[in-house]
Amino acid sequence: MWKVLTPFALMLLALIVALTLDRPLPKADVTFLNRGDVTTLDLQRMSWMQDLRVGAALYEGLVVNDIFSPGMDKKPGVAQKWEISPDGLTYTFHLRANAKWSNGEPLTAKDFVYSWRRAMLPDLAGDYSGLFMLIEGAQAFFAWREKATADFAAEGGGRSRPEEAQALYTRTLAKFNEMVGVKAIDERTLQVRLERPIPYFLDLLAFEVFGPVHEASVEKFQSPDPIKGTLVFRQDWTKPPHLVSNGMFMLEVWRFKRDMRLVRNPHYWNPSAINVDSIEMPSMTDPNAQVLATQTGGVDWLSEVIPDYKADLLGKKKAYYAKHQALVDRLKAEGYDSLAIDRRLPPDPALNIHSFPAFGTYWYNFNCLPTLPDGRKNPFHDPRVRKAFALCIDKQNVAENVKRCGEIPANTIIPRDSIGGYPSPKGLPCAPDPAAIELARRLLKEAGYENPSDLPVIEILFNSDGGHDKVAQAVKNDWEKYLGVTVRLVTREIKVFRDDLKKQNYMVSRAGWYGDYGDPTTFLDLSRKEDGNNDRKYGVSPHPKDNYARFESLLDQARDERDPDKRLALLGEAERIIMEEDVPMAPIYHYCQVMMFDPHKVSGITPHPRQKQHIFLLDILGDGKGADKPLEMPPVKRSDPRSLSVPSGRRRRLSRRGVSC
């Protein structure tokens, strides 16, 4: 009898365990939909926006951006204070005595040494490992390790040598200490020495990839490959219950393609800064379902509104503004941003959609090489031709009638007003301005193209998804109307598009970029001839009328300039060259971020044009927890110098951090 019942008892027990493990979770304090499922919680491997957002809640670096200050000020994080040497090369950070990991262990300077060393290993090959190469000796260490592992594999001839592989790793640790300028002076003092002064180094340190990971947890799941000598990284340590973090929250649940839940970290050094006990991120892939869930209250914040009807929702908000126009105008005059204005209007569902200017630009690349891959002469080798075509894009039409989500027409590559103190160039005028069209036609004649028929068929390359076809059609119409040329649209699947872009197999192509850090170089370095993202090949085979040498010289001068104002002036002049003279790309519009949330209920979301969102600041107003007071940008009138870093009013290659509208 017992023998018969035992299998059924075991099956019943297994069913009970399964149901227990799979039971619905209690409602979280905040539910938000990230811009996609998280791909990794390994800080040094992060690059996607959704990963970085969660990473900022789980881990805290030495410094943190104040995302509600106009200048994205740097605030103390794990480091309570720091000193910078007079020559700008040495940074000394003093860590908080009460900084701890989520398991209660003290966090020390050695944790940062371990984490940054990990990021500098070619074995890991993180997307942002290049940022660590600004540290003294990092590049040389990277090269040493790369050669050492290659030699190890070659010497072994395919044989498994686990002890020798471990010895190589031990030697690597010693080599790092010998070569790299990152030292733990004591448990609470970290010293960093740079290859050269980096004025924006503190801003870089606020980037999530510079945060610490828990050494003991990571080491459990990595080992040297006995044949290649490189480290093999398993990601088990990033899953619950193994993940140990040091930020305001810790990971409680991560069910792939289902949900993720963060809960308050009881060992965080500043518990009063935490406004909620739990944050839920369900996986919901249908864009329409996302909007419906937010409209019906199941979701508190939808971080990206995807459906095309978002433009109609924004139209309804515009109509609601019109009903309260006098109040809206007064609040604008007092310097309030759009989100602060929403909170001062009577509550209404129309206010729950938001379009914020973002730190990114959509543009068209011009192939700057003398010839195309098939041997044809490339008319866009001549900067006068590039400038002529850039002048004849009706950017206002693209922003208002094609995109329709609050995008701002662009005449600079760096979003205007996004970096405090930066003197943006004026940029070029554009169609339908008669002066711009007349100048464009004159430039073509100067370049030897008296008649439109003298130019070959102009080809615009773009990928088939993302609505790029609508922008291309609008630009095609402009060029045919104002310049009289024939334009052909070339659509490619994304992988083929990227391949054509990298091989310069195009005349004109769509492109875009989101800035990774708050300095002009995050955009300007894209046009250095050796940069991997210089898909235009600007400066590689310069035309006699190109000014690339001066552009590069200005960037080099700015790199060595210690005076902040002089440095920004040099960079502003460098941008002027590529925007007004050489024109290797034609900016069309600055991206916007379209979101949904009730401004009278949800706080912690910033309208700052950098669009760096810290989910650890989220607060449900009126729930009796946390600050229960809206976080807002300070009111800034346009005459106030602080307005250099706030949105300018109504009127992100796509980096892996992505774009939304």
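This structure is a prediction, so every number in the text was calculated from the model and none was measured.
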Point to revise | Candidate pair Asn365 and Arg510, rule side chain to side chain donor-acceptor pair (under 3.5 Å), full reasoning | key: CA-CA 6 Å; Asn365 285 324; Arg510 74 93 186 163; over 6 Å; no
**Study point:** Stepwise side chain to side chain donor-acceptor pair (under 3.5 Å) check, Gln290 with Asp286
**Key:** CA-CA 6 Å; Gln290 294 174 350; Asp286 185 285; over 6 Å; no
Check your understanding: Checking side chain to side chain donor-acceptor pair (under 3.5 Å) for the pair Asn265/Ser102: CA distance, chi angles, key distance, verdict?
Key -> CA-CA 6 Å; Asn265 176 4; Ser102 56; 5.1 Å; no
**Study point:** Worked check of side chain to side chain contact (heavy atoms under 4.5 Å, CB included) between Lys332 and Ile341
**Key:** CA-CA 8 Å; Lys332 283 184 178 180; Ile341 290 173; 3.6 Å; yes
**Study point:** side chain to side chain contact (heavy atoms under 4.5 Å, CB included) evaluation trace for Val263 with Met250
**Key:** CA-CA 6 Å; Val263 295; Met250 55 187 189; 3.9 Å; yes
Practice item. Check step by step if side chain to side chain contact (heavy atoms under 4.5 Å, CB included) holds for Phe356 and Met595. Key: CA-CA 8 Å; Phe356 298 134; Met595 306 176 178; 4.0 Å; yes
Practice item. Kindly indicate, with the supporting measurements, whether the criterion side chain to side chain contact (heavy atoms under 4.5 Å, CB included) is fulfilled by Glu561 and Leu570. Key: CA-CA 9 Å; Glu561 178 58 60; Leu570 290 167; 4.2 Å; yes
Practice item. Give the C-alpha distance, both sets of side-chain angles, the deciding distance and a yes or no for side chain to side chain donor-acceptor pair (under 3.5 Å) between Tyr591 and Gln611. Key: CA-CA 10 Å; Tyr591 290 120; Gln611 273 308 288; over 6 Å; no
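Ser603 places no side-chain N or O within donor-acceptor distance of the main-chain N or O of Asp619, the cut-off being under 3.5 Å. Checked by atom type and distance alone, the side chain of Trp48 never pairs as donor or acceptor with a backbone atom of Asp37 at under 3.5 Å. Using a distance-only test at 3.5 Å, with no hydrogens or angles considered, a donor-acceptor pair links the side chain of Asp51 to the main chain of Thr39. Distance alone, capped at 3.5 Å, places no donor-acceptor pair between the Asn65 side chain and the Ile67 backbone. Of the possible polar contacts, none joining the Arg610 side chain to the Phe359 backbone as a donor-acceptor pair under 3.5 Å is found. Between the side chain of Asn246 and the backbone N or O of Glu60, at least one donor-acceptor pair lies under 3.5 Å. A donor-acceptor pair under 3.5 Å is absent between the side-chain atoms of Asp73 and the main chain of Ser69, judged by distance alone. In this structure, the side chain of Gln44 engages the main chain of Gly211 through a donor-acceptor pair within 3.5 Å. Although no hydrogens or angles enter the test, the distance criterion places a donor-acceptor pair under 3.5 Å between the side chain of His600 and the main chain of Leu345. Asp394 contributes a side-chain N or O that, together with a main-chain N or O of Asn397, makes up a donor-acceptor pair within less than 3.5 Å.
Between the side chains of Thr521 and Asp519, at least one donor-acceptor pair of N or O atoms lies under 3.5 Å. A side-chain N or O of Asp329 and one of Gln325 form a donor-acceptor pair less than 3.5 Å apart. In this structure, a donor-acceptor pair under 3.5 Å is present between the side chains of Ser47 and Asp127. Between the side chains of Ser272 and Asn270, at least one donor N or O sits under 3.5 Å from an acceptor N or O. Side-chain atoms of His590 and Thr361 form a donor-acceptor pair, as typed in the model, at a separation below 3.5 Å. Side-chain contact, Asp42 with Thr238: no donor N or O sits under 3.5 Å from an acceptor N or O.
Contact check on Glu208 versus Arg53 returns no salt bridge, with no Lys/Arg side-chain nitrogen under 4.0 Å from an Asp/Glu carboxylate oxygen. At a threshold of 4.0 Å, the pair Asp516-Lys612 does not count as salt-bridged, since none of the basic side-chain nitrogens sits closer than that to a carboxylate oxygen. Salt-bridge check for Lys310 with Glu304: failed, with every basic side-chain N at 4.0 Å or more from each acidic carboxylate O. A salt bridge links Lys317 to Asp342: one of the charged nitrogens lies within less than 4.0 Å of a carboxylate oxygen. Salt bridge present: Glu280 and Arg261 bring a charged side-chain N and a carboxylate O closer than 4.0 Å. Using a 4.0 Å cut-off between charged side-chain N and carboxylate O, Lys74 and Asp203 make a salt bridge. By the 4.0 Å N-to-carboxylate-O rule, Glu334 lies close enough to Arg330 to be salt-bridged with it.
Crowding of Asn288 atom CG: a count of heavy atoms from other residues, nucleotides or ligands under 6.0 Å exceeding 12.
Using a 4.5 Å heavy-atom cutoff, the side chains of Cys430 and Asn411 are not in contact. Side chains of Thr294 and Trp301 form no contact here, defined as non-hydrogen atoms less than 4.5 Å apart. Side-chain contact between Ile353 and Lys316 is absent, with no heavy atoms from C-beta onward closer than 4.5 Å. Residues Val78 and Arg96 fail the side-chain proximity criterion, which asks for heavy atoms closer than 4.5 Å. Here the side chains of Val291 and Tyr309 are in contact, with some heavy-atom distance below 4.5 Å.
The side-chain hydrogen bond (donor to acceptor under 3.5 Å, both in side chains) with His94 is formed by just one residue from the set Glu83, Gln80, Lys81; it is Glu83. Just one residue in the list Ile279, Val299, Leu302, Asp259 forms a side chain to side chain contact (heavy atoms under 4.5 Å, CB included) with Thr31, and that residue is Val299.
Taking the centre of each ring, Tyr517 and Phe207 stay at or above the 6.0 Å mark. For Phe68 and His608, the ring centers are positioned 6.0 Å apart or more. Side-chain rings of Tyr362 and His468 approach one another, their centers coming within less than 6.0 Å.
When all heavy atoms of Ala436 and Ala431 are compared, the closest pair comes out as CB-N, 4.2 Å. The two atoms that bring Tyr422 and Leu571 nearest to each other are OH-O, 3.4 Å, heavy atoms only. Minimum interatomic distance between Val276 and Val30 (heavy atoms only, all atoms of both residues): CG1-CG2, 3.7 Å. Minimum interatomic distance between Ser278 and Asp29 (heavy atoms only, all atoms of both residues): OG-N, 3.0 Å. Across Leu204 and Phe210, no two heavy atoms sit closer than the pair O-CD1, 3.2 Å. For Arg264 against Ile274, the heavy-atom pair with the smallest separation is NH2-O, 3.4 Å.
A distance of 9.5 Å separates OG in Ser527 from CD in Glu575, rounded to the nearest 0.5 Å. Rounded to the nearest 0.5 Å, atoms CG (Leu262) and CD (Glu252) are 9.0 Å apart. Separating the CZ atom in Phe32 from the CE atom in Met596 is a distance of 16.0 Å, to the nearest 0.5 Å. Between Arg344 atom CZ and Leu351 atom CG the span is 13.0 Å, to the nearest 0.5 Å. Remark: Trp254 CH2 to Met281 CE distance equals 10.0 Å, nearest 0.5 Å. With values rounded to the nearest 0.5 angstrom, Leu391 atom CG is found 5.0 Å from Leu428 atom CG.
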